[in-house]
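Chain letters run A, B, ... following the sequence lines, proteins first, then strands; residues in each count from 1. These numbers come from the heavy atoms of this one structure, side chains and all, not from hydrogens, waters or symmetry mates.
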2 protein chains.
Amino acid sequence: MKETETSTHRSACPINVLLETLGDTWSLLIVRDMMFFGRRTYNEFLNAGEKIATNILSNRLHRLETVGIIEKRRDSTDARKYIYRLTDKGIDLAPMLVEIILWSARHEKTDAPPEVIEEMSANRDAYVSKIRENWRTSSQS
Amino acid sequence: MKETETSTHRSACPINVLLETLGDTWSLLIVRDMMFFGRRTYNEFLNAGEKIATNILSNRLHRLETVGIIEKRRDSTDARKYIYRLTDKGIDLAPMLVEIILWSARHEKTDAPPEVIEEMSANRDAYVSKIRENWRTSSQS
DNA sequence: CCGGATCCGTTTCGATACTG
DNA sequence: CAGTATCGAAACGGATCCGG
C-alpha cells in the first residue's frame, strides 16, 4: 500500500478544505476533463494530452470518489468498462472553474477561445447554468 | 540550489495556467492571508496558524512576486521589515476565492461564519467589490 | 529582533514495467 | 480495461545559521 489517503488535518478554513480535496496537480484537471470535455473513462483521462501516470490517475479517481466529487459505475452497454461521472457536489465546482478560467484569461496567455471567454464573462451565472443543464441531459446514458 | 523555479510547461489551458502559479499547498493560503486577514509581513505569515516552514514561505513569496501576484516593499516606518502586498492581478483572484469559500461552505463543514457566507452568497459581485475597496483604502499606508 | 539561506531526513509524487 | 509494484525524483519541514 503506497498511494493511500492522506488525511492531513489542517484547519476548517474553507480554502484549506478545498485544498485538501483538490489541492494537487491532477484532481482539478480530471474535473475539468469531465465537465468541459465530457471525458468519462480511465483511458479517456489517460490519453487526454496531459500524460498523467496510471498510478496517479487511479489514486486520484479513488480520492475524488471518496470525497464525493465523482462516482463510478459500470457501463450499461459494455460491462468491462467503468464510467466516472461528476456528482452534484462535483458539478457545483463549475462557478469556481469559471472564475479560474476568467482570471487566467485576463492575466495570462491561454488557449481558451476568446468568444467562450466573452460569453463566460458577460454572464457567468447563465454560463454555469448551461454547464449544469448540459450535464443533466448528457449523463442520462 | 534546491528551492528554485519549476517551469513545468504543460498546456496553455486556463486551469493549467493557474495550477502552475498557485497549484501547491501554500501559495493560495498566503493569498488568502493577505486578502482576508490583512497579513503583510514574513512573520505574520509564519505565525498564521498553519505553520509553514521558513524556507517554503520564503520560496513561495518569491514565486508569487515573480508571477506578479504580490509585490514587496520596505516598511516605511521600520526599515528592517518588508511589506508584501497583493498586486491588481492578485486582488483579482477575489472572485475565485469567493467561489471556493462558497463551495466549501455548501459541501463541507467549515469554520466560516454563516453570516459571511450568507452575504457572499446573496451578492457575490458586491462582496468582491467590497474586498477590492477595502484593499485600496488599506494599502495606502 | 527581522527576513531569509542552507543542510538534511522524511514524505509524497510520478514514469515505467507489469498484472488480473 | 483498469489498475498495482517498483523505485528514483522532487517537495516538504525542522533545525540551524547568517547578514543587517
Side-chain angles (χ1 to χ4, degrees), chain A residues 1-11 16 19-30 33-34 39-66 70-85, chain B residues 1-11 16 19-30 33-34 39-66 70-85:
Chain A
M1 267 211 161
K2 272 290 184 59
E3 308 280 356
T4 27
E5 303 311 313
T6 46
S7 59
T8 33
H9 264 310
R10 298 164 173 286
S11 74
N16 262 330
L19 284 176
E20 277 176 27
T21 58
L22 295 169
D24 71 279
T25 315
W26 295 107
S27 298
L28 204 58
L29 294 180
I30 294 173
D33 282 347
M34 301 182 91
R39 299 201 175 102
R40 306 191 303 171
T41 66
Y42 190 89
N43 272 295
E44 284 174 0
F45 297 125
L46 257 194
N47 306 319
E50 253 100 17
K51 300 306 158 204
I52 183 172
T54 60
N55 56 342
I56 306 295
L57 175 58
S58 174
N59 176 254
R60 295 308 130 85
L61 288 173
H62 281 300
R63 277 184 16 185
L64 288 171
E65 193 184 358
T66 301
I70 68 175
E71 58 188 18
K72 179 184 185 177
R73 292 185 184 178
R74 272 192 190 283
D75 190 338
S76 51
T77 62
D78 185 347
R80 299 171 311 177
K81 283 187 176 178
Y82 291 103
I83 301 291
Y84 296 92
R85 299 169 59 242
Chain B
M1 266 216 164
K2 273 291 187 56
E3 309 279 357
T4 28
E5 303 311 314
T6 46
S7 60
T8 34
H9 263 311
R10 298 164 174 285
S11 72
N16 262 330
L19 284 176
E20 276 176 28
T21 57
L22 295 168
D24 70 278
T25 314
W26 296 108
S27 297
L28 203 57
L29 294 179
I30 294 173
D33 282 347
M34 301 182 92
R39 300 198 174 105
R40 306 191 303 171
T41 67
Y42 191 88
N43 271 296
E44 284 174 0
F45 297 125
L46 257 194
N47 306 319
E50 254 98 18
K51 300 306 160 207
I52 184 172
T54 62
N55 54 347
I56 306 293
L57 175 58
S58 175
N59 175 256
R60 293 309 128 87
L61 288 173
H62 282 299
R63 279 185 14 187
L64 287 172
E65 194 182 1
T66 301
I70 68 175
E71 58 188 19
K72 177 183 184 176
R73 291 184 185 177
R74 265 188 199 287
D75 190 338
S76 51
T77 62
D78 185 347
R80 298 171 311 175
K81 282 188 179 180
Y82 291 101
I83 301 291
Y84 296 93
R85 300 171 56 244

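Residue B/I56 contributes atom CD1, which lies 12 Å from atom P of C/dA5 at whole-angstrom precision. In this structure, A/I52 atom CD1 and C/dT16 atom P are separated by 14 Å, rounded to whole Å. If you take CG of B/L61 and P of C/dA5, they are 10 Å apart, rounded to a whole angstrom. Atom P of nucleotide C/dT19 and atom CZ of A/R80 are separated by 21 Å, given to the nearest angstrom. Residue A/N59 contributes atom CG, which lies 14 Å from atom C1' of D/dA2 at whole-angstrom precision. Put simply, CZ on B/R63 is 17 Å from C1' on C/dG4, counting in whole angstrom units. Taking atom CG of B/L29 as the reference point, atom C1' of D/dG13 lies 15 Å away to the nearest angstrom. For the pair A/K51 NZ and C/dT16 P, the interatomic distance rounds to 11 Å; values are reported in whole Å.
In this structure, CZ on A/F45 lies 15.5 Å from CD1 on A/I56, to the nearest 0.5 angstrom. With values rounded to the nearest 0.5 angstrom, B/E44 atom CD is found 7.0 Å from B/K81 atom NZ.
Scanning for side chain to side chain contact (heavy atoms under 4.5 Å, CB included) contacts around B/S27 gives B/L22, B/D24, B/R60, B/R63, B/L64, with sequence neighbours left out.
Listed nucleotides: D/dC12, C/dG4, C/dC2. Nearest to the side chain of B/K81: C/dC2. The side chain of A/N55 approaches C/dG14 more closely than any other nucleotide in the set D/dA2, C/dC2, C/dG14. Proximity note for B/T25 (side chain, C-beta onward) versus D/dG3, D/dC12, C/dG3: the nearest is D/dC12.
Phosphate proximity of D/dC1 to A/Y84: absent, as no side-chain N or O sits under 4.0 Å from OP1 or OP2. Between B/R60 and D/dC12 there is a side-chain polar atom (N or O) within less than 4.0 angstrom of OP1 or OP2. Phosphate contact (OP1/OP2 of D/dA2, side-chain N/O of A/N43, threshold under 4.0 Å): present. A sub-4.0 Å separation between OP1 or OP2 of D/dA2 and a side-chain N or O of A/S58 is absent. Phosphate contact (OP1/OP2 of D/dC1, side-chain N/O of A/K72, threshold under 4.0 Å): absent. Checking the phosphate oxygens (OP1, OP2) of C/dG14, a side-chain nitrogen or oxygen of A/W26 falls inside 4.0 Å.
Taking only distance into account, the side chain of A/T54 never meets the base of D/dA2 through a donor-acceptor pair shorter than 3.5 Å. A donor-acceptor contact under 3.5 angstrom links the side-chain atoms of A/Y42 to the base of D/dG3.
Put simply, the side chain of B/Y42 gets close to the backbone of B/T54: a donor and an acceptor are under 3.5 Å apart.
Between A/R74 and A/Y82, the side chains place a donor N or O and an acceptor N or O closer than 3.5 Å (distance only, hydrogens not considered).
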